[in-house]
*Asks:* 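Structure in structure tokens, see below.
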Number of protein chains: 2
Amino acid sequence: MGNYGYVSPELRERVLAAAEKLGYRANALARSVSTGVSHTLGVVVADIGNPFFAGVVRGISDTSRASGFDTIVLSSHEDLAEEKASMGVLLDKRVDGIILASAAVSPKEAKHIQEAMDVGIPVVLVDRALEHVAADAVVIDNRDASRRAVETLIAVGHRRIGFVWGPSSTRPVATRRELLAAAAKSLWTDSERLRGYLDALDDAGIAFDPNLIMVGVKTEATAADAAAQMLRLPDPPTALLCTENDAMTGALRAVRAAGLKYPGDISLIGFDDSSWAAVMDPPLTMIEQPMLRLGALTAERLLARIKGEDPEPEVHTLESRFIERGSVAPPRH
Amino acid sequence: MGNYGYVSPELRERVLAAAEKLGYRANALARSVSTGVSHTLGVVVADIGNPFFAGVVRGISDTSRASGFDTIVLSSHEDLAEEKASMGVLLDKRVDGIILASAAVSPKEAKHIQEAMDVGIPVVLVDRALEHVAADAVVIDNRDASRRAVETLIAVGHRRIGFVWGPSSTRPVATRRELLAAAAKSLWTDSERLRGYLDALDDAGIAFDPNLIMVGVKTEATAADAAAQMLRLPDPPTALLCTENDAMTGALRAVRAAGLKYPGDISLIGFDDSSWAAVMDPPLTMIEQPMLRLGALTAERLLARIKGEDPEPEVHTLESRFIERGSVAPPRH
DNA sequence: CTGTTAGCGCATTCAG
DNA sequence: CTGAATGCGCTAACAG
């Protein structure tokens, strides 16, 4: 049944026929115990409910299956404890390698990753790189994408640009130094996107205003609150950059509640394109991430290491796509 | 390490300490080979990229984990062959039970399900019931929900109501008989929703018009085409019922391309609520499915069978919620 | 309580 | 080519 050893064609037929008739299935677990390999990839994403990760997972499983590997995916719901537990489950189930979109925001939170690698099981990071972790990472050009978006806004005249979900600091951020410190303790993607935002402002000589940067817990509701608060400012933003799907829907709620129209009253740009963004009226200008390719490349890197290759860990950066639609216009006056 | 047998507290401490220091992890595979149980649930959904299924999976894994079960989820991408292969993987990995949202549209396509049950591994269906398969099923009141939606439309005066994604028949459907035959060969959810639509029309004495029912392959693009075609009719629909997320975005594309405004020119109701639906302008009237509870209840039923309970298979029906927002209005004149 | 032994279902090695 | 024996890492049953 395992397709090894020598058998006469005739015996093989008889065995196969008997197996078929009896409904026999080889026990993959016993096989793994015996061989030491499971031909299975473990994946733990931050939130499988996020269409972005669903796309990445699709990319992963398509290419891993093409190589004869199963994939078992777990979701940590952006919770570090759950992430560790999930990795434990994968290690116990003896997967041959692990793909991880980690909720860790600092090197000390990434111990479990290093430990897994120390045990000899290869890990590759996806979507979120991690400093000081010697693992491959497959990501997009977050900083660039963010900068390009803000530059687009500045190019048509905006100078007050809100940033709808940034560092998840608990305390308010007032100075640039505090902001950078908070960013350093945030998810890599959030941090990068914030830096890109700052890059563009700096290049244009626009002063950074802490009131225009959302800080704290990130949910659609808090995004709506933060956006609403910005819009009530004496000098409110004329444009909003939303760094995630829920940030955008939250911002849209606030914009509508304030009785504002986009792009006339306020311009909008968001990360993570979707069908909905395209059918909004007007349609939303968005930054599209290559989810499938992200997943595919990640799986390729991991598979290579499983096959024994052992190059220097590297950060692979894929390009996002800026989709101009109808949610950007010059500010009033 | 397995927490069985008798050990002195002191020895236990020494063993645990040694295990800790050595980084020892019990091999879950070997354990399963030995005990015959894996404490893991297998799930194969039709499309993990669909937020609806992502929610169901979340419900499943939350409640199964609470019972000490891991869950490994696979996506069939609505493909029957992949579904069978996925179930094979799960059986090989010796999961203790399987949850399935099947792509099967007829009893003969459901053999693999019966086979799994014959081998002694419990299966419970979710989202889609299957006639002639003696398995538990956890679903929503699709037919009722659909009927209520159409009744709402009729109540405000609509008589020409388009049904944006119905039976996936390859040939056009002209008569009511053909329609029912096509429905019988469609996904259970699609079929139920179509019946509910027909129920409401019948009750109101409105004649069924095959031109107002989309038939064929179901993608956002084909939905847009179908809707566009309906809108070009000499006697076009004044309302559209969209039975899925992509059907709604497709319909919206067509509505916009035709230069129509909702709800003034055309009313809209859809299945599967989302943040986007709520922030559309006007916001969309939608039918919300209790995804989490659907998943949770499904897991409960399966867990019960794994624990040895063996009641008569039953179809458990949960209630959907009709969320009235701003996409329904009386037809013009 | 402790130490030993057999056995789970497979892959692999080694005589015939 | 075939059959039997050994071991993978674990649980379970059994003497001491």
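In the text below, chain A, chain B and the rest are named by the order of the sequence lines, each starting its count at 1. Because only heavy atoms are used, hydrogens play no part in the values below, and waters and symmetry mates are left out as well, while side chains stay in.
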*Asks:* Quiz question: by atom type and distance under 3.5 Å, do the side chains of B:Ser320 and B:Asp141 form a donor-acceptor pair?
*Replies:* yes
*Asks:* Nearest whole angstrom, please: distance from the P of C:dC1 to the OH of B:Tyr6.
*Replies:* 10 Å
*Asks:* Heavy-atom nearest nucleotide on DNA chain C for A:Tyr4 versus B:Arg12: which residue maps closer to 5'?
*Replies:* B:Arg12
*Asks:* Take B:Val33 and B:Leu11, find for each the nucleotide of DNA chain C with the closest heavy atom, and name the residue whose nucleotide sits nearer the 5' end.
*Replies:* B:Leu11
*Asks:* When you compare the side chains of A:Glu83 and A:Ser102, does any donor N or O come within less than 3.5 Å of an acceptor on the partner?
*Replies:* yes
*Asks:* Mind checking if B:Leu29 touches a base, just sugar-phosphate, or nothing, with heavy atoms under 4.0 Å?
*Replies:* nothing
*Asks:* Would you tell me if any nitrogen or oxygen in the side chain of B:Tyr24 comes within less than 4.0 Å of OP1 or OP2 on D:dC10?
*Replies:* yes
*Asks:* Tell me whether the side-chain N/O atoms of A:Ser8 come closer than 4.0 Å to OP1 or OP2 in D:dT2.
*Replies:* yes
*Asks:* Assign A:Arg25 to base, sugar-phosphate, or nothing according to its heavy-atom contacts below 4.0 angstrom with the strands shown.
*Replies:* sugar-phosphate
*Asks:* Counting the atoms with a prime plus P, OP1 and OP2 as sugar-phosphate, which does B:Ala28 contact under 4.0 Å by heavy atoms, base, sugar-phosphate, or nothing?
*Replies:* nothing
*Asks:* Consider salt bridge (charged side-chain N to carboxylate O under 4.0 Å, His left out). Of A:Asp190, A:Asp246, A:Asp47, which one does A:Lys218 pass it with?
*Replies:* A:Asp190
*Asks:* Do the side-chain N and O atoms of A:Thr40 and B:Lys93 include a donor-acceptor pair separated by under 3.5 angstrom?
*Replies:* yes
